[in-house]
Number of protein chains: 2
Amino acid sequence: MKAQRLWDEGTRKRLIEAAGEVFARRGFRAATIREICRRAGASVSAVNYHFRDKDGLYAAVFEYSHRWAVEKYPHDMGLEENATLEERLRAFIRSFLLRGLGDGFPAWHGKLIAQETADPSGVLSKVAQTAIRPMDEYLEGIVRELIRKANPSREPNESAVQLCRMNIVGQCIFQMHARRFMKIADPEELSPPQIVALADRICRFSLGGIRAIAVEGQS
Amino acid sequence: MKAQRLWDEGTRKRLIEAAGEVFARRGFRAATIREICRRAGASVSAVNYHFRDKDGLYAAVFEYSHRWAVEKYPHDMGLEENATLEERLRAFIRSFLLRGLGDGFPAWHGKLIAQETADPSGVLSKVAQTAIRPMDEYLEGIVRELIRKANPSREPNESAVQLCRMNIVGQCIFQMHARRFMKIADPEELSPPQIVALADRICRFSLGGIRAIAVEGQS
DNA sequence: GACAGATTCTAACACATGTTCTATTTTGTG
DNA sequence: CACAAAATAGAACATGTGTTAGAATCTGTC
């Protein structure tokens, strides 16, 4: 029997890493296979050989970065079981921003998602669902309980939950987009402590917003 | 002397309108001249004749939609001089969302800006500044006064002002992106009353967030 | 009607991109 | 070493894009 090398650790990995960087920065459409292969030190046909086509490479990058990101920055950031709702929300926002700001590895996943929200590639029907839906539902649960806690007299309004959830995600994703938009070509990225500080302020802002929405309709 | 027609009201206008629709939906790069011309019922060389090139057409569309949008939905939405800060913020968010959601004319401007935040075209160096900077500074002033009002004991923290401003803009822009992202190909757009209702809830959320940020650091 | 200028159309060009084909090199194994 | 499979490199192909050239048509004015 032939000892077929099931997982090439050379070109395949270099391609994924180069592609992650380029896809995160340019988006799926604007990224070119030639630039990716140039950075990976491979020929253009390598992507066809290892991933079939550009879509396959993109899907592999997304899955790779997703697996890596949730392992390093899980939604609850390793909170205790008895953590408060406020702590859970803060942990979630921290993980979301840590996965999308900064440079290199950790930031791919968030930047890819940010690119997808602005210009969906359409090749992530299945992968994106399994990656994004659980995240959404996790946040949704926290928000619903926060609204319930802020206004126990009635059941949380469903549209209010959705609004708060979208507002929180919108604030985070805008942070990922904003730096490129504000000033062109700004290589300086935030350090992890800066990202955590930013996350905590967004959490504070959002908690105030959630409480204001929770009491909506009451004089 | 020949009665030169200084401003063609036919093809030129049809091109701008078709281009506005396509640019708003696809973004600058993904939009193709051929699709624009097909919708406008013109040949591909028409854009060269009337606007020199794709960049010129884009700039003309942006200027056109900007002029139209601020005329129909000014930042203060025609508020009285003695309007409260809260009313001003609500009016601003209403105008921003009315300029970016919905379909047809009014929504171009906001959708173009949303596309620019996610993937700057680079051809709007001057035009974009004159269009976006005043909007930012107007919102910034409102936010600063709201923070001062919520915590008169000290001068508003500048980074807190910037954070709140970005959070508000981020919520609005995410609304423009989210609909395409959530469900693929959803033609149903919000009606103006629905947009106003959404704006008011985002305003309520943001006022709660601003107050929470204003008292930051105080036990 | 004639004519000059404005406008439009068709066709082509130059270029970039994703993909594929084929030859070549490398790698593991007997 | 020999050989088959895996992996790579480079060129070529098909397609879509922005742009341009030149012919054809329309428009207003004398």
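Side chains included, hydrogens not; waters and symmetry mates left out as well; all remaining heavy atoms used. Every chain is numbered from 1 and lettered A, B, ... according to where its sequence line falls, protein lines coming before strand lines.
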Would you name the heavy atoms of A/Phe96 and A/Cys172 that are closest together and state the gap between them?
CD2-CB, 3.4 Å
Measuring only between side-chain heavy atoms, which start at C-beta, is A/Phe174 closer than 4.5 Å to B/Met166?
yes
Which nucleotide sits closest to the side chain of A/Ala42: D/dA9, C/dT19, C/dC9?
D/dA9
Find out whether B/Leu112 and B/Leu124 are in side-chain contact, i.e. whether some heavy atom of one side chain is under 4.5 Å from a heavy atom of the other.
no
Figure out the CG/C1' separation between A/Asp55 and C/dT19, and round it to whole Å.
12 Å
Strictly below 4.0 Å: does A/Asn48 bring a side-chain N or O up to OP1 or OP2 of C/dT20?
yes
Which nucleotide sits closest to the side chain of A/Ser45: C/dC9, C/dC21, D/dT19?
C/dC21
Heavy atom of residues 23-39 of chain A under 4.0 Å from DNA chain D: which residues?
A/Arg34
Spacing of B/Asp53 atom CG relative to D/dA21 atom P, expressed in whole Å:
14 Å
Looking at side-chain heavy atoms only, is the closest gap between A/Asp76 and A/Arg88 below 4.5 Å?
no
Figure out the CG/C1' separation between A/Leu57 and C/dT19, and round it to whole Å.
14 Å
Look at the side-chain N and O atoms of A/His50 and state whether any lies under 4.0 Å from the OP1 or OP2 oxygen of D/dT8.
yes
Measure from CZ on A/Arg14 to C1' on D/dA7 and round the result to the nearest Å.
12 Å
So which atom in B/Ala114 and which in B/Thr117 form the shortest heavy-atom distance, rounded to 0.1 Å?
O-OG1, 2.6 Å
B/Arg99 and B/His75: side-chain donor and acceptor closer than 3.5 Å?
yes
Output the rounded distance in Å from NZ (B/Lys54) to C1' (C/dA16).
13 Å
Closest to the side chain of B/Ser43, out of D/dG18, C/dC9, C/dT19, is C/dC9
Report the distance from atom CG of B/Leu190 to atom CD of B/Gln175, rounding to the nearest 0.5 Å.
8.0 Å
First of A/Tyr49 and A/Val44 reached from the 5' end of DNA chain D, by closest nucleotide:
A/Tyr49
